[in-house]
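Step one of this worksheet: look at the structure below.
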Amino acid sequence: MKVTLPRPGNPRAARRAALGLLGVAVLWELCARAFALPDYVLPRFTRILAAIVDQHALLLAAARMTVMEAVSGFLLGAGAGILLAIILTMLPRARGVMLPVATALNSVPVVAYAPLILLWFGMGPESKIVMVALAVGFTVFLHALAGLDRVDQRAVDLMRSFGADRAAILWRLRLPAAIPLTAAGMRVSTVRAMIVAIVTEMLGATGGLGWTIFQAVLQIDFVQVWSAIFVASAASLLFFGFVNLLEKRYIFWK
């Protein structure tokens, strides 16, 4: 029997998105020119593109650092979140203690922890990776835990009647049921990872897109601010698109 996998991309949707972005760029340029807006309000789109071309080496180096921090923190946080969800599923008694603690920690904006993380881990990439891991870990943990709980209790009882233990039920029933929701949490967390990395860089760093934006603000160079924002948006979209592509390619049964 031949199984046909769905196509990972939609060319028509991609064309619509490209046309939408082009329309926004044209409208942006026309409004900036028609109203003679100063750079601190809204610089012309063409000026921003010219700044990206002129400063491409600086922006690419900054983007590499930010993406490295975001991806490293994403992988660390996603792994920790999935592992914690599995542990609490296997140990119901520990769940009653740990879940309220995790919920309380998640109720506080992650950026609020930034001063402490910067103090403990310094101004280098390590503090940004930890911050991203915290932000991603909470999101993936909650999605994974909800996915592990989505199994039909009758299926669990049936497997137990055949002598399956908790590990067998987890491997054969709970994990396959949890994969789609966990993947959705990871996909959503890609954007959050980039945001947290950039914001933490603005609070204290030696490089990265957030640091570039902060330095440009201090120098009152608003065109440079927008150029760094554009590069950050492009990197975030690529990160999101890559994870989304993997999800559609390998989790085709959801």
Side-chain angles (χ1 to χ4, degrees), residues 17-18 20-33 36-77 110-111 113-115 117-136 189-245:
L21 291 174
L22 181 61
V24 171
V26 172
L27 183 62
W28 184 324
E29 182 73 13
L30 291 177
C31 289
R33 288 180 179 272
L37 298 176
D39 288 344
Y40 64 84
V41 175
L42 190 68
R44 294 198 302 269
F45 192 84
T46 51
R47 289 201 61 192
I48 298 172
L49 292 182
I52 292 175
V53 173
D54 293 339
Q55 302 291 329
H56 69 277
L58 173 66
L59 293 173
L60 284 177
R64 280 195 295 268
M65 177 173 287
T66 301
V67 170
M68 181 275 294
E69 296 165 350
V71 172
S72 299
F74 174 84
L75 295 175
L76 181 62
V110 178
V111 180
Y113 300 113
I117 300 299
L118 289 170
L119 180 63
W120 294 339
F121 294 92
M123 297 293 183
E126 294 82 5
S127 56
K128 286 70 182 176
I129 293 173
V130 171
M131 284 291 296
V132 172
L134 287 174
V136 172
S189 296
T190 56
V191 178
R192 195 177 188 189
M194 289 295 297
I195 292 173
V196 171
I198 291 172
V199 171
T200 310
E201 287 173 348
M202 294 177 69
L203 296 176
T206 57
L209 290 172
W211 180 84
T212 301
I213 293 172
F214 182 71
Q215 293 299 314
V217 170
L218 293 180
Q219 297 170 12
I220 320 179
D221 188 353
F222 296 102
V223 176
Q224 180 75 351
V225 171
W226 278 104
S227 64
I229 291 174
F230 273 33
V231 173
S233 298
S236 182
L237 284 173
L238 289 174
F239 189 16
F240 177 87
F242 178 72
V243 174
N244 187 49
L245 183 66

Rounded to the nearest 0.5 Å, how far apart are [atom1] of [X] and [atom2] of [Y]?
{"X": "Trp211", "Y": "Glu201", "atom1": "CH2", "atom2": "CD", "result": "10.5 Å"}
{"X": "Ile129", "Y": "Thr200", "atom1": "CD1", "atom2": "OG1", "result": "11.5 Å"}
{"X": "Leu134", "Y": "Ile117", "atom1": "CG", "atom2": "CD1", "result": "5.5 Å"}
{"X": "Met131", "Y": "Ile195", "atom1": "CE", "atom2": "CD1", "result": "12.5 Å"}
{"X": "Thr190", "Y": "Leu238", "atom1": "OG1", "atom2": "CG", "result": "11.0 Å"}
{"X": "Trp226", "Y": "Ile213", "atom1": "CH2", "atom2": "CD1", "result": "10.0 Å"}

Taking the side chain as every heavy atom from C-beta outward, state whether [X] and [Y] have any pair of such atoms under 4.5 Å apart.
{"X": "Glu69", "Y": "Met65", "result": "yes"}
{"X": "Val196", "Y": "Val136", "result": "no"}
{"X": "Gln219", "Y": "Gln224", "result": "no"}
{"X": "Thr66", "Y": "Lys128", "result": "no"}
{"X": "Trp28", "Y": "Ile48", "result": "yes"}
{"X": "Phe239", "Y": "Val71", "result": "yes"}

With no hydrogens and no angle check, do the side chains of Ser227 and Gln55 hold a donor and an acceptor under 3.5 Å apart?
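No donor-acceptor contact under 3.5 Å links the two side chains.
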
Of the non-hydrogen atoms in [X] and [Y], which two are nearest, and what is the gap between them?
{"X": "Phe74", "Y": "Ala193", "result": "CB-CB, 4.5 Å"}
{"X": "Val231", "Y": "Ala63", "result": "CG1-CB, 3.9 Å"}
{"X": "Gly204", "Y": "Leu118", "result": "O-CD2, 3.7 Å"}
{"X": "Leu209", "Y": "Leu59", "result": "CD2-O, 4.1 Å"}
{"X": "Val223", "Y": "Arg47", "result": "CG1-O, 3.7 Å"}
{"X": "Ala32", "Y": "Arg44", "result": "CB-CG, 3.8 Å"}

Within the supplied structure, the quantity of interest is the number of heavy atoms (other residues, nucleotides, ligands) at a distance under 6.0 Å from Ile220 CD1; does it exceed 12?
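Incorrect, the count does not exceed 12.
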
So, does [X] use its side chain to make a donor-acceptor pair with the main chain of [Y] at under 3.5 Å?
{"X": "Thr212", "Y": "Ala228", "result": "no"}
{"X": "Ser236", "Y": "Ser233", "result": "no"}
{"X": "Ser127", "Y": "Gly124", "result": "yes"}

Determine the interplanar angle of the Phe45 and Phe230 rings, folded into 0 to 90°, and report it as parallel if under 30°, tilted if 30 to 60°, perpendicular if over 60°.
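Tilted.
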
